[in-house]
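Quick note on labels: first sequence line is chain A, next is B, and so on, each numbered from 1. In this text the structure is predicted, and so the values were computed from the model without any measurement.
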Amino acid sequence: MKKLLTIKPNTSLKNKTGSWRTHRPITNQEKCIGCSLCAKLCPEGCIEMININNKLKPQTDYDYCKGCGLCAHECPVKVIDMKEDY
Amino acid sequence: MKKLLTIKPNTSLKNKTGSWRTHRPITNQEKCIGCSLCAKLCPEGCIEMININNKLKPQTDYDYCKGCGLCAHECPVKVIDMKEDY
Amino acid sequence: MKNTINKFLSPGHNACSGCGQLSAVQAVMRGLTSDTIIANATGCLEVTTTAYPQSSWGLPWIHSLFENASSVASGIKAALDKKGNKTTKVLVQAGDGGTYDIGLGLISGMWERGENILYICYDTESYSNTGIQASGSTPYGAATTTTPNGEKSIGSNQVKKDMLAIALAHGLKYVAQTAAGFPDDITNKVKKALTVSGPAYIQILSPCIPGWKINYNEAVMMGKLAVKTGLYPILEYINGSLISSSINNNFKPEPVSTYLKGQGRFKHLKDEEIKYIQNLANENIKKYSKV
Amino acid sequence: MKNTINKFLSPGHNACSGCGQLSAVQAVMRGLTSDTIIANATGCLEVTTTAYPQSSWGLPWIHSLFENASSVASGIKAALDKKGNKTTKVLVQAGDGGTYDIGLGLISGMWERGENILYICYDTESYSNTGIQASGSTPYGAATTTTPNGEKSIGSNQVKKDMLAIALAHGLKYVAQTAAGFPDDITNKVKKALTVSGPAYIQILSPCIPGWKINYNEAVMMGKLAVKTGLYPILEYINGSLISSSINNNFKPEPVSTYLKGQGRFKHLKDEEIKYIQNLANENIKKYSKV
Amino acid sequence: MEKMKIKKTKGEHILEGSRAIALTINNIDPDVISAYPITPQTHIVEDLAKFKAEGMVNYEYVRAESEFAAASIILGACATGARVYSATSSQGLLLMVEVLYNISGMRLPIVMTCANRSVSAPINIWNDHSDAMAVRDSGWLQFFAENHQEAIYQHLLAYKIAEKMDLPALVNVDGFILTHSYEPVSIPSKTNIKKYLPAYTPTPGTYLDPKNPVTMGGFSSSAEYFETRENILQDFNLSLEEIKKEYRNLKKVFNFKDNSNGLVEYSGAKKPKTILITMGSLAGTIKETMKEYKDVGLLKITTFRPFPAEEINKAIKNCSNIAVIEKAISPGSGGPLYNEVKAAIFQTGKINIKNYIVGLGGKDISQKNIQKIIKDSCNKGKQTTFI
Amino acid sequence: MEKMKIKKTKGEHILEGSRAIALTINNIDPDVISAYPITPQTHIVEDLAKFKAEGMVNYEYVRAESEFAAASIILGACATGARVYSATSSQGLLLMVEVLYNISGMRLPIVMTCANRSVSAPINIWNDHSDAMAVRDSGWLQFFAENHQEAIYQHLLAYKIAEKMDLPALVNVDGFILTHSYEPVSIPSKTNIKKYLPAYTPTPGTYLDPKNPVTMGGFSSSAEYFETRENILQDFNLSLEEIKKEYRNLKKVFNFKDNSNGLVEYSGAKKPKTILITMGSLAGTIKETMKEYKDVGLLKITTFRPFPAEEINKAIKNCSNIAVIEKAISPGSGGPLYNEVKAAIFQTGKINIKNYIVGLGGKDISQKNIQKIIKDSCNKGKQTTFI
Amino acid sequence: MEQIRIHGRGGQGVVTAAELIAIAAFNEGKYAQAFPNFGVERTGAPIQSYARISNEPIITREQIYHPTVLIIQDATLLETTEIIKGTDKNTIFIINAPENYKLRIKLPSKKVFFCAATEIALEIFGKNIVNTIILGAFAKHSGLVNLEALKTAIKEKFQDKGAIIIEKNIIAIEKAYND
Amino acid sequence: MEQIRIHGRGGQGVVTAAELIAIAAFNEGKYAQAFPNFGVERTGAPIQSYARISNEPIITREQIYHPTVLIIQDATLLETTEIIKGTDKNTIFIINAPENYKLRIKLPSKKVFFCAATEIALEIFGKNIVNTIILGAFAKHSGLVNLEALKTAIKEKFQDKGAIIIEKNIIAIEKAYND
Ligand SMILES: Cc1ncc(C[n+]2csc(CCOP(=O)(O)OP(=O)(O)O)c2C)c(N)n1
Ligand SMILES: Cc1ncc(C[n+]2csc(CCOP(=O)(O)OP(=O)(O)O)c2C)c(N)n1
Ligand code: SF4
Ligand code: SF4
Ligand code: SF4
Ligand code: SF4
Ligand code: SF4
Ligand code: SF4
Ligand SMILES: [Mg+2]
Ligand SMILES: [Mg+2]
């Protein structure tokens, strides 16, 4: 009988693309103004804005972050640093 | 070896579509003003304007004329008559 | 004019008696020279003119499929280019089905390549060859075999696709619309289009006897009426600008009802729909007036 | 905003690090509700998000072929209609190749049917998935693997096809253009398009790392620059009228050279060609200024 | 009374084949229909459009701008859990090819009618089996009908097997010969059809549904692909038994009898010296011709995919000559049916088996032609003959 | 010196397969090239575009917006008397199907490369022969190459036979395995190719030419159509001899030797107990594996269309087991090559012939797999095995 | 088995005529079959159609090579012997032509019946649509279907065309039958 | 026959590395073969490629299951044993990592060579492009191709990329070879 051909939703979460990374974005939470831009632009969708002390701050999920540096490049206040990571 | 698949030009002249006709256009050459419209419109392209006494007059090739009556309908001076013909 | 019997399209073809399309083709042929190659899509024109082993054509002519005449023409053009042949013209002929619908993607590709090819669409407003099914060109309200009128149907409920606008969107240098019944206009437009360098498009309304449910002698009359009502104005665009239009100073529109009531395909229409169609004509008149 | 990690498109996909297309897709997803079905064409997006048995999608999602996503969407819509389902939205996602080229005929058919389907084209300006060959969207002068620069070639010698004009020629009620790097604009346009009844089209410039030969962190910058030079203005048409444009009162164009010189695909261009491209931008600025 | 009795046995209506099919499709109650016109399929889809215009039916009828679109539309609808239908022919089928392979690979139970016609070039609109043969490797079940009544039952069977096995099915009816002819026929009622073929209810999680958001058509690795293909081949093999079973069931529900088991139908001599093998409407002409022969039998292949190898082996066991009469060729290989039959009965060893290519492009096949074939089939000599 | 000698025998360059093909195509001097990109054909057409961009070649390179268009473009160009070329794969080949049938029916001598790949669904980009098999009835000659060098020679042969017989030809090269691999190869020079394959000069009156205005692709009656099809089948049969002849000729002109006669190539045991039959690059892996076996032979089918039935019969005459190892299936029928071989050797009668389906969707075929097949092929039992 | 072959021109309802015969015969309780032989020609070009009537199921599909009845809807077609191929001394000929029509070719049988269908058609429909009319003559001279069955067939077949058309056709067919 | 398997990530030139080995070997008069094992993954995802070198014609096409040499372009890949499948005590390992790199898995052979290719790459190219560099180490430790042949191969293969790129690569490869 037919092999199941459909794929369950969101199963790519198993694919930890963090291993692709050669550089790691490090966010200076202090200086971050919480604009969310990094979170909105990240191609991986792996930055979540979370509430820290009543302020929205980005939290990067390194399991998936490929280290492209887009967030760092676009951060309006340049508070994300790309560090070598391999 | 390959059978010839191309067709020689203008060979449909063998197909005498005049036999399809149930009505025959009869042109009153006298009253015709030689405007050529009938010749230009005929879907068969079977009306030729020929020189009769230095005037252009339509000549219908009944070998092909299907008797549609378009020429008669469009003649600006209504000098083509459709006669029963079968 | 001695050459009304056109050696580029001989009599003896099998089109319906009184066919508007064939009437238009005759006029197109008068605009060509013998240094022309034609690629023709499947459809009435192809089927009725090439019953093996007889052909009505006096020009080099090829039919491949329903949808690919434009690409075939591109290939012809490339072969001519390779030979260094700069004179031979390449012409595509297709029906509205081959143009608006199944062939559109390939036409867009051809236009994109910018090749010097003249495309002529004989617009019978349906798939005439296969028995009058609706095409993208079928006007609102027309009954066809796939959009029959009935309890729950007024005929086609889609409006006619705007092929001219699509052609213009492709940046074509020459785009024109005309109708069977205007033989000299057709011939002249063909001649003019052939002088343009780059792709050109001419669309010719071609009344179809069984398709429109009209009498054998009415194709030309209907072509003219379509123009006179404003439903199918004669138009000519050069480099994207409308340079001539039948909707000009002297234009006095006939009501669309004259046109609709003369055709079997529209005879089921009620006043409401006729009004809607009159509106379409009115919009055309606004849009295409060239005063 | 808690929901930046979007459950409609999970991480773990295989797109290039820094992919502009995927950045844009994230913004699109934020414009949707869970009551949406997606038909996706073959291309980078499909290939990188659905490596069996893993999928990044959290919405019902189907891929059939490269060219037919629009028709598949029509089928989905028809099935929903039959069920009396009036809420579920249908979305098509395709690349520029699937849109401008191989899929165009089927898109036209979908638009003609007037179905309530939102079509989103992620415009990478080439066939990214197969290794950066030229598409109908590839801009003049861009080097691709099928339009390489060389002794006898400046890269692509065709200008970009005007898909927006083609969409407008089909009478679409909502037509818009935007770019990766404008996430809120993308999200808002998607939301707006979904309120329109009838077909809608949004085209999003999606800088591609290997395609444009840019650094991993430059996709968004390039998207913004494309807008700032006027080469790719942000545009929005409702019922055929341009209702908003990035070329507005405050628009101060950057020279195209800034944009071109930052990309490997343009780096061979000489002043003459850059001038020509500057001209294209200038024409856009004229055409799309909304003051 | 007498009159009514006769009518009963020979069908309740006299209809054009296309109309008979259209009425049956309507009674099968599909959700979505999409098609593109092509001779000789046109009458079927025109009828379906007409029923719709008259407001007496429930299906959505989607106008397509090409066969490629039509096939894709029903693909999308079926993937959304709908029962769907389309019909095509010849060039239309060829244009659909990429979608057809896709549909079978996606295991969508789509049913389509093919009004069989030759394929271009040269262009020709009449009947042969070139179109169906062109998609013999596409992963669609294929049935061939001899007459209107069989065509109707095959459509029911096609839906039944398709939905049971998650495989698409093509019902082949000879263009013009069946689609444009009038003959007596019974149209199964909606109520009876419901008994045989209940509403289509795909398993949740196998179709597009916002409440159960799965991914369909994902990218597959080598290992996955390999498995998927093995799986489809297996399911085709399993469907052989299913077809027989469901054909028996069909006979029960619709209360009819014939010699067919759904896969093949044998008629003629009990101990035939020669067996003719063919598909489709030609079987009728052959049966008429055979009436004059004592030692000739006809094996009509009604299911071409899956290919009923075992049934063929059984049927030909004791005969000395086989004549495969078919309406298609594979240039550079010969008659496709001929080769498939030979492959199927390979283990039988030496038997005199010959191939007759007939009716290409609609060339009429007369009873005289059949007589000639019967006569020739006993001779050795040329393997393939065009008649 | 020593070094140069080795190089000579093993080819003058080490190249990617795609590059080798592209260089050869350029030397064949086509007039018009049109193609649409698809993995794994891309490198071939990218190379051809690159040569063009560098201004060192004479052909017109026409960018197409789909494979349907690409095939139609070369159709139009060929009908205008041009020598043409295209390349495609998988979905691209399927999308072209309607045009492919049209081209062969029009008897246009078009040559195309197919970088063989699986077909969707599910989508998968790697090698198998599903695409080529999908067009086995389309009226195209089909060659299958084992390695770069053979691919190159087959392209020359393909043009030669195509132009001689007015038939189109598909040269199959395994995607990735050949198209993306590097190995030593000799590229025939333009001058040498001219000797073997002079400029293409179709007969006046058979192509589009304003000086000789013929009609091509006209509508055909049943009788005409029938004749045309018979004619094409005959010409395919005739091309069997032509291929052998022109392959001999090819060896002469390009001064090489191999075991192939253009149709098939036998290698291995003189008196084999078991013969393996396969097509394409897999032959290499089999040959390597076979080195350890004394009683096994390999029959490599290099020409699949026309199908070399006679050659196969000759080759298998005295063996007891045959294993057909192939990279495609026809759902509901089995391995297409398997069935065609069985049909071809039907008269041989009982022989143990088994079918091994391998490598679908690019699944690697290891020498271990081949050993397993060799071992299994002597056993009775399951006819078809997926490995 | 009775075999009827009809010759006429595209647009004259040649195919419909065969279908009407089959429907009528079926309505009388017989087995029947009708099928066309289309060309690609349009309105006006010669075409033919076939009908069979039998008390046994009809299974053959071959074209009709030896017609019991040959119907000629358009006498201008009777110019070559091609058209009467397969006829013999028993064949019934029904020809649309006035009684005094001069045949240009020799027919093999004596059973030749003329019906001035065009005249009737022009009178009743104002158009040269002769297919139903000539069936009146067919019913009368062949006896293969009766007039009532034909009329029912017309009602069935022309249902969509409306009452007026049906009525006119019935008047016409009766006229031909009673002529 | 020598069999080389290369592991790395998309964008690191894994395929090119195998090709360069084959070209170099060929230029030394040997038979050679190279081929990729692509996935659909993009830049960054793990991929592998293969090369074979022999004095006899190479006809097999199977993937490399038992490599003579295993090249690891990215040490982060050395996390699972999947990657060292088929290696044994004779396998030569060439790993891009600094000399003092701590392996997380056990290798079956003693012939393990490290090459700080990333360091060299960042120094010379300013980017982490290690494929050519690590070939220097490959040439040195395996002895399967000589340095000159590799350099010629780079010149051939990178012809289109211009003199500067070629030069940098040659400098880099020499550095790795002489390290
Ligand atoms: C792929 C394909 N689909 C369908 C057909 C059937 N077909 C042939 S011509 C035609 C319609 C032609 O319509 P149009 O292009 O408007 O030309 P017309 O006959 O009206 O002049 C159709 C549907 C075909 N030949 N090929
Ligand atoms: C019929 C067919 N032809 C070619 C291909 C190969 N192919 C797959 S995706 C693609 C290009 C996709 O380009 P685009 O639509 O721009 O999407 P992108 O990958 O750039 O996002 C191509 C050529 C295919 N899958 N099917
Ligand atoms: S580096 Fe790239 S992937 Fe990582 S969080 Fe930033 S944008 Fe996302
Ligand atoms: S873009 Fe910069 S400022 Fe904005 S949220 Fe991210 S880190 Fe903070
Ligand atoms: S009646 Fe028709 S066919 Fe005859 S000449 Fe007049 S227009 Fe032409
Ligand atoms: S249209 Fe009338 S007036 Fe004009 S040429 Fe013809 S017959 Fe004479
Ligand atoms: S059907 Fe219409 S278009 Fe076709 S030949 Fe007849 S009148 Fe002309
Ligand atoms: S190739 Fe381009 S579009 Fe595709 S995943 Fe990479 S960056 Fe994105
Ligand atoms: Mg039309
Ligand atoms: Mg793209």
field: D/A79 to E/A77 - nearest heavy-atom pair and separation
entry: CB-O, 3.7 Å
- prompt: Have D/S71 and E/S72 got a donor and an acceptor in their side chains that come within less than 3.5 Å?
  reply: no
field: Heavy-atom pair count under 4.5 Å with chain D, highest-scoring of E/I74, E/V84, E/N58
entry: E/N58
field: Gap separating the OG1 atom of E/T80 from the CG atom of D/D81, nearest 0.5 angstrom
entry: 11.0 Å
- prompt: Of all of D/I38, D/T33, D/N68, D/L80, which one pairs up most often with chain E through heavy atoms under 4.5 Å apart?
  reply: D/N68
field: Residue among D/E67, D/E46, D/E115, D/M110 with most heavy-atom pairs under 4.5 Å to chain E
entry: D/E67
- request: Can you tell which part of E/V99 gets under 4.5 Å to a heavy atom of chain D, answering side chain, backbone, both or neither?
  value: both
statement: Looking only at D/L65, D/I37, D/N85, D/T36, most heavy-atom pairs under 4.5 Å shared with chain E are made by D/L65
message: With a 3.5 Å distance limit and no angle check, can you tell me whether D/T50 reaches the backbone of E/F219 through a side-chain donor-acceptor pair?
response: yes
- request: Starting at OG1 of E/T215, measure out to CH2 of D/W57 and round the result to the nearest 0.5 Å.
  value: 8.5 Å
task: Go through D/S56, D/S74, D/P53, D/A78 and name the one with the most non-hydrogen pairs under 4.5 angstrom from chain E.
output: D/A78
message: Just so I know, are the side chains of E/I73 and D/V72 near enough to count as touching, which here means a heavy-atom distance under 4.5 Å?
response: no
message: Tell me the closest heavy-atom pair linking D/H63 and E/M106, and the distance in Å.
response: O-CE, 3.7 Å
message: How close do E/F68 and D/L106 get, counting heavy atoms only, and between which atoms?
response: CD2-CD2, 3.7 Å
query: Is there a donor-acceptor contact under 3.5 Å from the side chain of D/R113 to the main chain of E/R63?
result: yes
statement: Honestly, the part of E/N212 sitting under 4.5 Å from a heavy atom of chain D is neither
- prompt: What heavy-atom pair brings D/T88 and E/P210 nearest, and what distance separates the two atoms?
  reply: CG2-CG, 3.7 Å
- request: Give, as side chain, backbone, both or neither, the part of D/K77 having an atom under 4.5 angstrom from any heavy atom of chain E.
  value: neither
- prompt: So which part of E/S34 gets closer than 4.5 Å to some heavy atom of chain D, the side chain, the backbone, both or neither?
  reply: neither
message: Can you tell me which portion of E/N102 sits under 4.5 Å from chain D's heavy atoms? Options are side chain, backbone, both or neither.
response: side chain
task: Identify the two heavy atoms, one from E/P213 and one from D/L59, that lie closest to each other, and give their separation to 0.1 Å.
output: CB-C, 3.6 Å
statement: Okay, E/L75 and chain D: the region with an atom under 4.5 Å from a heavy atom over there is side chain
statement: Separation between CD (E/E60) and NZ (D/K83), nearest 0.5 Å, reads 12.0 Å
task: Drop me the distance from D/Y52's OH to E/E227's CD, to the nearest 0.5 angstrom.
output: 8.0 Å
query: Under a 4.5 Å heavy-atom cut-off, does chain D meet the side chain of E/V214, its backbone, both or neither?
result: backbone
